[in-house]
Amino acid sequence: MDRTTGRTFTRGATRFAPSPTGELHLGNARTALFNYLLARRAGERFVLRVEDTDAGRSRAEYTTGLLADLAWLGLEWDAGPGREDELGPYFQSQRGALYAQRFAELERQGVAYPCFCTPLELEAARHAQRASGRAPRYPGTCRELSAGERERRRTAGVPATLRFRVPSGRRIEFTDLVHGAQSFLSDDIGDFVIRRADGSAAFFFSNAVDDAAMGVSQLLRGEDHLTNTPRQLLILEALGLPAPCYGHIALILGPDGAPLSKRHGAASVRQFRDRGYRPEALVNYLFRLGHSSPEHDLLGIEALAAAFDVHHLGRSPAHFDEQQLRVWQKAAVQRLSVHETCTWLAAQLPAGLDPAAAQAFSAAVLPNVVLPEDARPWAQIIFGPPPILDAEGEQIVRAAGGAFFAAAARAATINGADLAAITAAARAASGAKGAQLYRPLRFALTGLGHGPELAPLLQAIPPGQIEQRLARFAHAPEAGVSPTTSKQ
RNA sequence: GCUCCCUUCGUCUAGAGGCCCAGGACAUAGCCCUCUCAAGGCUGUAACACGGGUUCGAAUCCCGUAGGGAGCGCCA
């Protein structure tokens, strides 16, 4: 009980309210993340509400995907689908009865009225208004219909929407969490639909009413809602419901400066997930997109919450930059345990590879991998046939000499995948050191002049292969004959 | 058309009148380390959209201009 208000005290909440009409978009993912962080930071609840009022576009599989992606990102909701409580249900399609009461309340007050205009008529009106240089607003055709006329049309079965009567001459003010003081004139707003002809609730209405019903105290949403806010404030005011503090964050832009969309390639969480991006990478990147922090390390979700600050949300739109995402991905990948790495790289490994070999491979290759596909060439090199050398490789191998490789191969036979033993033997046989010692070995073993560290790489090469790959150069030709083509 | 939002290095941003000839991170260039790549260390290049005000003093306040974006839907 709150002593000052006498009302039952409930913890505040933030929410994320997606509509299941597609995959979770990066922009929405960021909105979800920010709201989650805001809740965690403030000790509030994080509510997930599915806005599936558009029966035509909403699909169950999108809901499933949405929930899965959110969970994958690590954004657990305190209330929502699968976590029902007394403030639910959390699917708007199941909240019709609650809306009905509110519709009735508004109609009784005369704040809402039935509108019998057809979509065609409305479209024509908008078109005419635009053509004559005026704002496309509801012309008010049904605003002052008499009670008798309304009744007559209703009994005649004319389909009707319910419109909110926007008061004239009002100034609507509120303080935006990120943009500060905002002020709008009600005269710039036309009467808008709050209930569709099919009886379902429209966004402005259900969204606002549910926030109030679910105890949402503050929330962050896309800037495309900024100019819609006064409408929602008007609804809440008419119903005597508390309004949450709204904060509007700018849209995420693609490389060309246009709002990020499918046009720009991958734009959904699912697509990045499928390409092997780590959730920690995505979350850390999104955390810094339109939000600044002195923290420059890869942070866990709790640390992100502690570092989140609404005052450091930017007002200008940020560009999505995959290069930056890759930086976080690299950091996230380097922190993977060997076990996690094996799972992550599973698709790149030869089928039936035994666990120990998979671990050795993963450990060796991980420092050089950002996405799983980067491991594929290494899998080919390590598990495939002895690699063919290019001209540079041949030259370096030849310069090392046959004795060098004979000794190295012998050491491998005796000691196995022991780099120290192999280099010691090669050095003793040839006197080579430094690059003269390591590069020929690297080329002979991998066919390349660059790559992961040799020692762990040796651990990943299948038994017998080290010896074989080295021995093929043990009888180095005096000149001209290529062991890579004569052998193997 | 009307209303609203936005504009600092390549990118994300710090900056709430003097601490800023603008700071950080990533990217990038060079050097060091190193068998190579990566990592790490050091050094460097690089920005207040433009024009007017206000002020002793402006990236910061005001007014314009330009550019970008959003909303004005029986989409959310």
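Computed from a predicted model, the values in this text were never measured in an experiment. Chain naming here is simple, since letters A, B, ... match the order of the sequence lines and numbering starts at 1 in each.
The nucleotide B/U60 finds no pairing partner, because no Watson-Crick or G-U wobble arrangement with both distances shorter than 3.5 Å includes it. Remark: B/A16 base-pairs with no nucleotide in the shown strands. Criterion, Watson-Crick or G-U wobble with two distances under 3.5 Å. The partner of B/U36 is absent, by the rule that a Watson-Crick or G-U pair needs both atom distances under 3.5 Å. Look at B/G67: its Watson-Crick or wobble partner, with both distances under 3.5 angstrom, is B/C6. Checking B/C42 for Watson-Crick or G-U wobble geometry (two distances, each under 3.5 Å) identifies B/G30 as its partner. Shown here, B/G1 forms a base pair with B/C72; the pair counts as Watson-Crick or G-U wobble because both key distances fall under 3.5 Å. Summarising the base pairing, B/U55 is matched to no nucleotide, lacking a Watson-Crick or G-U wobble pair whose two defining distances lie under 3.5 Å.
In this structure, A/F103 atom CZ and B/C74 atom P are separated by 14 Å, rounded to whole Å. If you take CZ of A/F203 and P of B/C72, they are 10 Å apart, rounded to a whole angstrom. In this entry the distance linking NE2 of A/H311 with C1' of B/G15 reads 15 Å, nearest Å. Between A/R315 atom CZ and B/U60 atom P the separation is 14 Å, expressed in whole Å. When the P atom of B/U11 is taken as reference, atom CD of A/Q323 falls 12 Å away, rounded to whole Å. Regarding A/F164, its CZ atom lies at a distance of 16 Å from the P atom of B/C74, rounded to whole Å. Separating the CZ atom of A/F184 from the C1' atom of B/U3 is a distance of 7 Å, rounded to the nearest angstrom. Atom CG of A/N207 and atom C1' of B/C75 are 13 Å apart (whole Å).
When distances run from any side-chain atom of A/R137 to the nucleotides B/C2, B/C74, B/C72, the shortest one goes to B/C72. Considering only side-chain atoms of A/H179, the nucleotide from B/C6, B/A76, B/G24 that sits closest is B/C6. For A/R130, the listed nucleotide lying nearest its side chain is B/G1; candidates were B/G1, B/A14, B/U11. Here B/A76 is the nucleotide among B/A76, B/A27, B/C12 with the atom lying nearest to any side-chain atom of A/R57. For A/P136, whose side chain is taken as the heavy atoms from C-beta onward, the closest listed nucleotide among B/U11, B/A76, B/C72 is B/C72.
Between the side chain of A/Q324 and the base of B/C26, at least one donor-acceptor pair of N or O atoms lies under 3.5 Å. Side-chain atoms of A/N228 come within donor-acceptor range of the base of B/A76, with a qualifying N/O pair under 3.5 Å.
Considering only side-chain N and O atoms, A/H319 lies nowhere under 4.0 angstrom from the phosphate OP1 or OP2 of B/G10. OP1 or OP2 of B/C4 has not a single side-chain nitrogen or oxygen of A/Q182 nearer than 4.0 Å.
Ring pair A/F192/A/F204: centre-to-centre distance below 6.0 Å. The six-membered or imidazole ring of A/F174 lies away from that of A/H179, with a centre-to-centre distance of 6.0 Å or more.
Listed by first and then second residue, the side chain to side chain donor-acceptor pair (under 3.5 Å) pairs involving residues 363-379 of chain A are A/Q348-A/R376 (not counting sequence neighbours). Identified under the salt bridge (charged side-chain N to carboxylate O under 4.0 Å, His left out) test for residues 159-172 of chain A, with sequence neighbours left out: A/E144-A/R165, A/R170-A/E237.
Judged by distance alone, the side chain of A/D211 and the main-chain N or O of A/V216 form no donor-acceptor pair under 3.5 Å. Using modelled atom types, one side-chain atom of A/S206 and one backbone atom of A/A202 make a donor-acceptor pair closer than 3.5 Å. A donor-acceptor contact shorter than 3.5 Å links the side chain of A/E340 to the backbone of A/S337. Between the A/Q129 side chain and the A/R137 main chain, a donor and an acceptor come within less than 3.5 Å of each other.
B/C32 and B/A49 have their P atoms separated by 39 Å, given to the nearest Å. Distance check on atom C1': B/C9 versus B/G18 gives 24 Å, rounded to whole Å. Taking the C1' atom of each, B/C63 and B/G73 are spaced 36 Å apart, rounded to whole Å. Across the C1' atoms, B/A59 and B/C19 are found 15 Å apart, a figure rounded to whole Å. One P atom belongs to B/A25, the other to B/U43, and the distance between them is 11 Å to the nearest Å. The P atoms of B/G67 and B/G23 are separated by 32 Å, rounded to the nearest whole Å. Separation of the C1' atoms belonging to B/C62 and B/A70 is 25 Å when rounded to the nearest angstrom.
Residue contacts for A/F204: at a heavy-atom cut-off of 4.0 Å it reaches a base atom on one of the strands shown. Among the protein residues, A/T53 comes within range of the sugar-phosphate backbone only, with heavy atoms under 4.0 Å from sugar or phosphate atoms but none that close to a base. If you check every strand for non-hydrogen atoms under 4.0 Å, A/R163 touches sugar and phosphate atoms only. Within the 4.0 angstrom heavy-atom criterion, base atoms lie near A/T161. Using a 4.0 Å heavy-atom distance criterion, A/R326 is classed as making no nucleic acid contact. Nucleic acid contact for A/R195: none, since no nucleic acid atom lies under 4.0 Å from a heavy atom of the residue. When heavy atoms are screened at a 4.0 angstrom cut-off, A/G290 is found touching the sugar-phosphate backbone but no base atom.
Checking A/N207 against A/R15 by side-chain atom types alone, a donor-acceptor pair falls below 3.5 Å.
A cation-pi geometry, defined here as NZ or CZ lying under 6.0 Å from the six-membered ring centre and within 45° of its normal, holds between A/R195 and A/F103.
In this structure, A/E223 has no salt bridge (Lys or Arg N to Asp or Glu O under 4.0 Å) partners at least two apart in sequence or on a different chain.
Comparing A/V178 and A/H291, the nucleotide of RNA chain B nearest to each residue sits closer to the 5' end for A/V178. Summary of the strand contacts: A/C115 and A/S316 both lie near RNA chain B, and taking for each the nucleotide with the nearest heavy atom, the more 5' one is attributed to A/S316.
Between A/F34 and A/F308, the ring planes are tilted. Angles from 30° to 60° get that label.
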Could you run down the sub-3.5 Å N/O contacts of the protein with nucleotides 61-70 of chain B?
residue, atom, partner, partner atom, Å
B/A70, O2', A/D224, O, 3.4

Could you list, one pair per line, each protein nitrogen or oxygen that sits under 3.5 Å from a nitrogen or oxygen of nucleotides 31-37 of chain B, together with the distance?
residue, atom, partner, partner atom, Å
B/C35, O2, A/R442, NE, 3.0
B/C35, N3, A/R442, NH2, 3.2
B/C35, N4, A/L454, N, 3.4
B/U36, O2', A/G449, O, 3.3
B/U36, O2, A/G451, N, 2.4
B/U36, O2, A/G451, O, 2.9
B/U36, N3, A/R442, NH2, 2.8
B/U36, N3, A/G451, O, 2.8
B/U36, O4, A/R442, NH2, 3.4
B/C37, O2, A/N368, OD1, 3.3
B/C37, O2, A/N368, ND2, 2.4
B/C37, O2, A/G451, O, 3.3

Only pairs under 3.5 Å count here: list side-chain donor-acceptor contacts from residues 314-322 of chain A, not counting sequence neighbours, and write none if there are none.
residue, atom, partner, partner atom, Å
A/D321, OD1, A/Q323, N, 3.0
A/E322, OE2, A/R275, NH2, 2.5
A/E322, OE2, A/Y277, OH, 2.7

